[in-house]
S.K.: 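Structure in structure tokens, see below.
Just so it is clear: chains get the letters A, B, ... in the order the sequence lines come, proteins before strands, and each one is counted from 1.
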Protein chains: 2
Amino acid sequence: MSRATDKAYDAIRNAVLQGNFGVGLRLKENDLATTIGVSRTPVREALRRLNAEGLIEFKSNHRATVTQWTGENVDDLFQLRALLEGFATALAAERISDAKINELSALADKMEQTSAGKRPVNFDRLSQLNSEFHRIVMEAAGSKRLQTLMAGLIEMTIILRTYHRYSPSELARSFGHHRELIAAFLAHDSEWARSVMTSHILAARASYVRANNNRNSADPKPPQRKTRTR
Amino acid sequence: MSRATDKAYDAIRNAVLQGNFGVGLRLKENDLATTIGVSRTPVREALRRLNAEGLIEFKSNHRATVTQWTGENVDDLFQLRALLEGFATALAAERISDAKINELSALADKMEQTSAGKRPVNFDRLSQLNSEFHRIVMEAAGSKRLQTLMAGLIEMTIILRTYHRYSPSELARSFGHHRELIAAFLAHDSEWARSVMTSHILAARASYVRANNNRNSADPKPPQRKTRTR
DNA sequence: AATGCAATTAATGTATACAAAATCTCCGAT
DNA sequence: ATCGGAGATTTTGTATACATTAATTGCATT
């Protein structure tokens with residue numbers, strides 16, 4: 001796409017993913033424009049794009065804010081991601097090339113090396129490599145539409161920093177999933193691949209719930225799966 | 001949202017859904033702007049929004065065109081829709097209110113009355129009622145994110161005019177699905193509901209495939225209208 | 001002090017002017 | 001006649017000015 005719009009998009013997106021804006025904080029077009037060094041027009045386009053991806057929301061007063069991931073929504077969204085990414089992975093298993101499988105394998109190597117015996121573990125790097133892993137899988141599915149649908153859902157887990165909360169055993173399990181997925185790809189077994197990916201995401205969801213409960217242990221609010229009363 | 005942008009969005013979206021632009025045709029911002037009666041700015045925003053929903057695509061040369069639904073893609077997308085809408089329907093079964101179930105029931109009545117013994121069947125009206133039915137179900141799922149993800153996929157089937165190709169027996173089956181879905185909602189049985197919805201979409205896919213094969217064998221070129229908005 | 005309301009300020013929405021890029025045209029070389 | 005390419009033209013990208021709407025301030029009233 002165009003230069004200024006991309007610049008604005010990248011800048012805002014990175015800032016959001018790194019948590020540089022407090023949730024609920026108002027993102028003013030003028031401030032963003034001057035900070036990034038472009039005019040308001042490309043900033044506006046970038047905000048709309050990010051809104052479409054779900055990273056940014058517009059309140060009724062037309063103000064843009066970083067999306068707030070509330071407990072109940074997060075649960076729905078993890079399920080949704082498991083479903084969609086499972087489907088995409090099944091497609092990928094049929095279509096992926098050997099070269100791409102090798103790339104995945106190399107990424108799995110790097111991730112294991114990154115965490116092997118290191119203390120503290122470099123979670124930022126791990127999270128980055130993990131994103132790359134998932135990106136390649138999505139790409140292999142060969143559906144542009146599916147990719148755009150997934151984009152926002154994957155980014156959600158980055159914002160929530162789920163990877164940063166993995167215990168050593170959870171990390172090991174995650175690495176195991178990567179290896180098993182590569183095996184399923186090598187066999188071009190779509191149901192196997194789908195199943196592994198679904199496990200991978202649902203395990204991440206469980207980790208998120210656990211880590212979140214611990215953090216909120218002082219808070220008397222239990223995780224609720226609620227139905228609505230309207 | 002804002003007045004001019006909404007006006008542009010509605011105008012372009014309706015024109016696309018009614019097939020007033022030939023597929024692959026270039027949508028020029030200036031023409032659209034003068035036709036609709038606003039400036040280019042809101043037209044641009046509308047185009048980006050429609051692009052995010054999948055109705056419009058930008059080619060590498062930055063030109064906007066109506067999305068072309070090619071055979072293989074359509075197949076993926078029907079599967080995707082079956083998956084997503086099935087999931088949404090399962091959520092809806094847990095959360096839907098009695099009032100909404102009554103609305104669905106009323107819609108099912110209207111659809112059956114619309115087609116009962118009439119010749120020719122008013123497919124436009126049917127398709128519209130059917131869209132409303134699905135919209136209510138999606139709303140009942142209570143996930144705004146899920147709704148926006150689905151929007152484009154549902155609109156795809158409108159563009160493809162799948163409903164217009166239903167045979168009498170296929171129509172009857174479709175009505176049966178609606179009734180069964182309402183029963184599943186009354187029982188708040190999410191798996192039943194999901195299953196019915198999945199059947200409903202996959203049946204639509206099969207109809208599309210069948211109708212498409214027939215059409216291609218008889219008439220190699222689909223009828224294309226070229227009109228303009230307003 | 002708290003409240004309501006008008007005036008002010010600030011933010012977003014829209015139009016328009018200009019810049020950059022893509023497309024088209026037309027002419028000359030082969 | 002075909003091809004290539006230098007301008008001309010059209011179209012999109014960006015900046016900016018102006019319009020509209022939301023938020024804030026500060027004063028008057030109670």
Side-chain angles (χ1 to χ4, degrees), chain A residues 1-16 20-68 144 148 151, chain B residues 1-16 20-68 144 148 226-230:
Chain A
M1 264 210 186
S2 49
R3 225 178 74 262
T5 302
D6 279 347
K7 197 174 162 189
Y9 174 82
D10 289 341
I12 299 171
R13 181 173 172 277
N14 287 336
V16 170
N20 292 352
F21 303 121
V23 287
L25 204 70
R26 303 194 323 196
L27 304 179
K28 299 179 202 170
E29 296 176 357
N30 241 319
D31 293 359
L32 293 170
T34 53
T35 302
I36 298 167
V38 297
S39 81
R40 271 180 58 214
T41 309
V43 167
R44 280 177 69 85
E45 289 207 0
L47 287 176
R48 305 307 156 115
R49 243 164 98 187
L50 290 164
N51 175 54
E53 291 177 10
L55 260 64
I56 277 181
E57 280 178 351
F58 286 93
K59 300 251 169 103
S60 58
N61 42 357
H62 296 186
R63 263 61 173 177
T65 64
V66 174
T67 297
Q68 184 127 25
K144 235 186 109 190
T148 59
Chain B
M1 264 210 187
S2 49
R3 226 178 72 261
T5 302
D6 278 346
K7 197 174 160 189
Y9 173 82
D10 289 341
I12 299 172
R13 179 171 172 279
N14 287 336
V16 170
N20 291 352
F21 302 122
V23 287
L25 204 70
R26 301 194 327 195
L27 304 180
K28 299 178 202 171
E29 297 176 356
N30 240 320
D31 291 0
L32 293 171
T34 53
T35 304
I36 298 167
V38 298
S39 80
R40 272 181 56 214
T41 309
V43 168
R44 281 177 68 84
E45 288 206 0
L47 288 176
R48 305 307 156 115
R49 241 163 101 187
L50 290 164
N51 175 53
E53 290 176 12
L55 259 64
I56 277 179
E57 280 179 348
F58 286 94
K59 301 252 168 102
S60 58
N61 43 355
H62 296 185
R63 262 64 172 175
T65 65
V66 174
T67 298
Q68 183 128 29
K144 233 185 112 192
T148 59
K226 176 166 186 238
T227 353
R228 54 187 35 230
T229 48
R230 201 173 294 214

S.K.: Reading DNA chain D from 5' onward, which residue's closest nucleotide shows up sooner: A:Ser60 or B:Arg26?
M.R.: B:Arg26
S.K.: Nearest whole angstrom, please: distance from the C1' of C:dA15 to the CD of B:Glu29.
M.R.: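 Distance check: B:Glu29 CD to C:dA15 C1' gives 14 Å.
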S.K.: Answer yes or no: is there a side-chain heavy-atom contact under 4.5 Å between A:Leu25 and A:Val66?
M.R.: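 A:Leu25 does not reach A:Val66 side chain to side chain.
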S.K.: For the side chain of B:Thr41, counting heavy atoms from C-beta on, which of C:dT12, C:dA15, D:dT16 is nearest?
M.R.: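 It is C:dA15.
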S.K.: Starting from P on D:dT11, measure out to CG on B:Asp31 and report it in whole angstrom.
M.R.: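 It works out to 7 Å between those atoms.
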S.K.: Considering just the side-chain nitrogens and oxygens of B:His62, establish if one lies under 4.0 Å of OP1 or OP2 belonging to D:dG13.
M.R.: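 Yes, B:His62 has a side-chain N/O under 4.0 Å of OP1/OP2 on D:dG13.
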S.K.: Tell me the interatomic distance from B:Lys59, atom NZ, to D:dT12, atom P, rounded to whole angstroms.
M.R.: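 Result: 13 Å.
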S.K.: Does a side-chain N or O from A:Arg44 land closer than 4.0 Å to OP1 or OP2 of C:dG13, or not?
M.R.: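 Indeed, a polar side-chain atom of A:Arg44 lies that close.
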S.K.: Do the side chains of B:Asp6 and B:Arg13 get close enough for a salt bridge, i.e. N-O under 4.0 angstrom?
M.R.: no
S.K.: Using heavy atoms to find the nearest nucleotide of DNA chain C for B:Gly37 and A:Lys28 separately, return the residue whose nucleotide is more 5′.
M.R.: A:Lys28
S.K.: Output the rounded distance in Å from CG (B:Asp6) to C1' (C:dG13).
M.R.: 11 Å
S.K.: To the nearest angstrom, how far is A:Asn61 atom CG from D:dT20 atom P?
M.R.: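 Roughly 20 Å, once rounded to whole Å.
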S.K.: How long is the line joining CD of A:Glu45 and P of D:dT12, in whole Å?
M.R.: 13 Å
S.K.: Rounded to whole angstroms, how far apart are CZ on A:Arg63 and P on D:dT21?
M.R.: 13 Å
S.K.: Between B:Arg48 and D:dG13, does any side-chain N or O lie under 4.0 Å from OP1 or OP2?
M.R.: yes
S.K.: For A:Leu27, answer base if it contacts any base atom (sugar-phosphate contacts may also be present), sugar-phosphate if it contacts only those atoms, and nothing otherwise; contact means non-hydrogen atoms under 4.0 Å.
M.R.: sugar-phosphate
S.K.: Could you report the tightest heavy-atom contact between A:Thr67 and A:Val23, atom names first, then the distance?
M.R.: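 In this case the closest contact between A:Thr67 and A:Val23 is O-CG1, 4.3 Å.
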S.K.: Rounded to the nearest angstrom, tell me the gap between atom CG in A:Leu32 and atom C1' in C:dT12.
M.R.: 13 Å
S.K.: Please tell me if B:Asn30 has a side-chain N or O lying less than 4.0 Å from either OP1 or OP2 of D:dT12.
M.R.: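 It does not, given that no N or O in the side chain of B:Asn30 lies less than 4.0 Å from OP1 or OP2 of D:dT12.
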S.K.: Only one of A:Glu53, A:Arg49, A:Glu45 clears side chain to side chain donor-acceptor pair (under 3.5 Å) with A:Tyr9; which?
M.R.: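 By the side chain to side chain donor-acceptor pair (under 3.5 Å) criterion, A:Tyr9 pairs with just one of A:Glu53, A:Arg49, A:Glu45: A:Glu53.
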S.K.: The side chain of B:Arg40 is closest to which nucleotide in this list: D:dT11, D:dA23, D:dT12?
M.R.: D:dT12
S.K.: What are the two closest non-hydrogen atoms of B:Lys7 and B:Gly37, and how far apart are they?
M.R.: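 B:Lys7 and B:Gly37 have their closest heavy atoms at NZ-O, 4.4 Å.
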